[in-house]
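See structure below.
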Amino acid sequence: MGLLPMLLLLLWPPPTRTRCPDFCSCKPDGALSCPDAGPGFTRLSLTYLPVKVIPSQAFRGLSDVLIIEISQSDSLERMEANAFDSLLNLSEILIQNTKNLVYIGPGAFTNLPRLKYLSICNTGIQKLPDVTKIFSAEFNFILEICDNLHITTIPGNAFQGMNNESATLKLYGNGFEEIQSHAFNGTTLISLDLKENKNLRKMHNDALRGATGPNVLDISSTKLEALPSYGLESVQVLIATSSYSLKKLPPREKFVSLLEATLTYPSHCCAFINLPTKDQNISLSIFENFSKQCESTARKPNNETLLTSWIPYHDLKLHMCKAEFISL
Ligand SMILES: *[C@@H]1O[C@H](CO)[C@@H](O)[C@H](O)[C@H]1NC(C)=O
Ligand SMILES: *[C@@H]1O[C@H](CO)[C@@H](O)[C@H](O)[C@H]1NC(C)=O
Ligand SMILES: *[C@@H]1O[C@H](CO)[C@@H](O)[C@H](O)[C@H]1NC(C)=O
Ligand SMILES: *[C@@H]1O[C@H](CO)[C@@H](O)[C@H](O)[C@H]1NC(C)=O
Ligand SMILES: *[C@@H]1O[C@H](CO)[C@@H](O)[C@H](O)[C@H]1NC(C)=O
Ligand SMILES: *[C@@H]1O[C@H](CO)[C@@H](O)[C@H](O)[C@H]1NC(C)=O
C-alpha cells in the first residue's frame, strides 16, 4: 500500500466519535449551522461535535426548541456573538465538557425571554460569559457557572440584564480570585452559591451593592478572609464550611435575617451567640453548651477569638456548629 492511500485510511473516516445531527451542517474545523429541524423538534443534543465555531445565528429557525445541549466536544473553540439569538421558546442551554472552548463572544446569549436555566461548566473560557443581554422574564432563573478554572474575576454588573425576576446563581468550582464592586448589581438573588472557588480570596465590600438578597449564601471551601459588611441583611442561611481563611465575621447586627448558620471554627459560632447573663432565660439547651465553650475560649483568648456582645437571637439554629464545637 502506497503512502497516500495509507494516509487517507488514517484520516478517513474521521474519528468515529464525532457526530452531527442530520439537519445540521458540521464542516470539520468549520462552523456549525442548524437552520431548521422541522416543527415540534424540542431538544437539540450536540455531543462530540467536529466543529470549531458556533457562529452567529447558528440555531436560527429552531423556534420550537426548548433545550440546546452542547457537550463532550473537544474541537469546539469559539462561540460568537448572537450564537443564541431570539430563540423565543428556548428554556435551557447547557454547555458542558468543552475544554477547548476558550471564547464566548459578548452577546452570545441575546433576547431569550423564556430562558430558565443556563449552565456553562468545565470549559476553557477565561472571562465570565456575558449574560447581560438575555432579558429573561422567567421566575427563579438559574445560572450555573462551574468548573471553569480559567475565569478569575466576577466584574461589576456581571448579571445586569440577565433576567428581571429572581435568580439563583450557582457559581462553584471556578478559578475566581476576586469579586468586584457591584458584581451583583441589578439582581434579585434567592441563592448565591460561591462554594469551592478555591482561589477566591477577595469579595469587594460593595460586591452586593445594588442587589436584592441573597437569602442563601454559601462560601464554603473558599479562601475568603472576610465577607462584605454590606448586603447581608437578607441572608437567612449562611454556609461557610471549610472556610479556613475566614477569621472574622461581620458584626452580628449585619445579619438581621439570619436563621441558620453552618460555620468552620468554634469561634465563628461564638460570634453568633450572646454569652447569657444570669438573669436571661436561654430557651435552647444547645445554647448553654455553646456558651460554656465560648466562655472557656474567652478565658484563653487567642487571635481567633471573636467574642463581642451580641443581641441574643433565640431563633438562630446553630446545629451545624454544634458538631464541630462539641468535638473540640
Ligand atoms: C413556541 O412553540 C410553540 C409550540 O411548540 C409554537 O406554536 C410557537 O410558534 C413557538 N413560539 C415561537 C415564538 O416561535
Ligand atoms: C419582567 O418582564 C416581563 C415581560 O416584559 C413582565 O411581564 C414582568 O412583569 C416583569 N417582571 C418584573 C418583576 O418587572
Ligand atoms: C448599578 O445598576 C444601575 C442600574 O440597575 C446603574 O444605573 C448603576 O450605574 C450601576 N452602578 C454601578 C456602580 O455600576
Ligand atoms: C424564664 O422561664 C421561666 C419558665 O419558662 C418563666 O417562668 C420566667 O418568667 C422566665 N423569665 C424571664 C426573665 O423571662
Ligand atoms: C450539652 O453538653 C452535655 C455534656 O457535655 C451533654 O450531655 C448534652 O447532651 C449537651 N446538650 C446539647 C443540647 O447538645
Ligand atoms: C496574635 O498575633 C500576633 C501577631 O499577629 C502574634 O504576635 C501573637 O503571638 C498572636 N497571639 C496568639 C495568642 O496567637
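Hydrogens, waters and symmetry mates are skipped; everything else that's a heavy atom, side chains included, is used. Counting starts at 1 for both ligands and their atoms, following the listed order. Along the sequence shown, the residues carry numbers beginning at 1.
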**Request:** Name the option, out of Asn163, Thr188, Asn164, that contains the heavy atom nearest to atom 8 (C) of ligand 2.
**Result:** Asn164
**Request:** Could you check atom 14 (O) of ligand 3 against the protein and tell me its nearest heavy-atom contact, residue, atom and distance included?
**Result:** Asn157 ND2, 2.7 Å
**Request:** Please indicate, with yes or no, if any protein heavy atom is found under 4.0 Å from atom 2 (O) of ligand 3?
**Result:** yes
**Side-chain donor-acceptor contact under 3.5 Å, Ser234 with Asn215** = no
**Item:** Within-shell test, Gln160 vs ligand 3, heavy atom, strictly < 4.0 Å
**Value:** yes
**Message:** Is atom 5 (O) of ligand 2 touching the protein, meaning some protein heavy atom lies under 4.0 Å away?
**Reply:** no
**Message:** Taking the ring of Phe141 and the ring of Tyr117, is the distance between their centroids below 6.0 Å?
**Reply:** no
**Message:** Less than 6.0 angstrom from the centroid, inside 45 degrees of the normal: does Arg19 satisfy that with respect to the ring of Tyr48?
**Reply:** no
**Asked** Among side-chain atoms of Gln96 and Asn122, is any donor-acceptor pair under 3.5 angstrom?
**Response** no
**Complete:** Counting from 1 in the order shown, the ligand 3 atoms closer than 4.0 Å to a non-hydrogen atom of Asn185 are 1 (C), 2 (O), 3 (C), 8 (C), 10 (C), 11 (N), 12 (C), 14 (O)
**Request:** Over 60° means perpendicular and under 30° means parallel, so classify the ring planes of Phe159 and Phe184, tilted if in between.
**Result:** parallel
**Fill in**
closest protein heavy atom to atom 9 (O) of ligand 2 is Glu165 OE2, 4.6 Å
**Prompt:** If we only count N/O pairs under 3.5 Å, is His182 in contact with ligand 3?
**Reply:** no
**Prompt:** Does a sphere of radius 6.0 Å around NZ in Lys127 hold more than 12 heavy atoms from other residues, nucleotides or ligands, not counting ones at 6.0 Å or beyond?
**Reply:** no
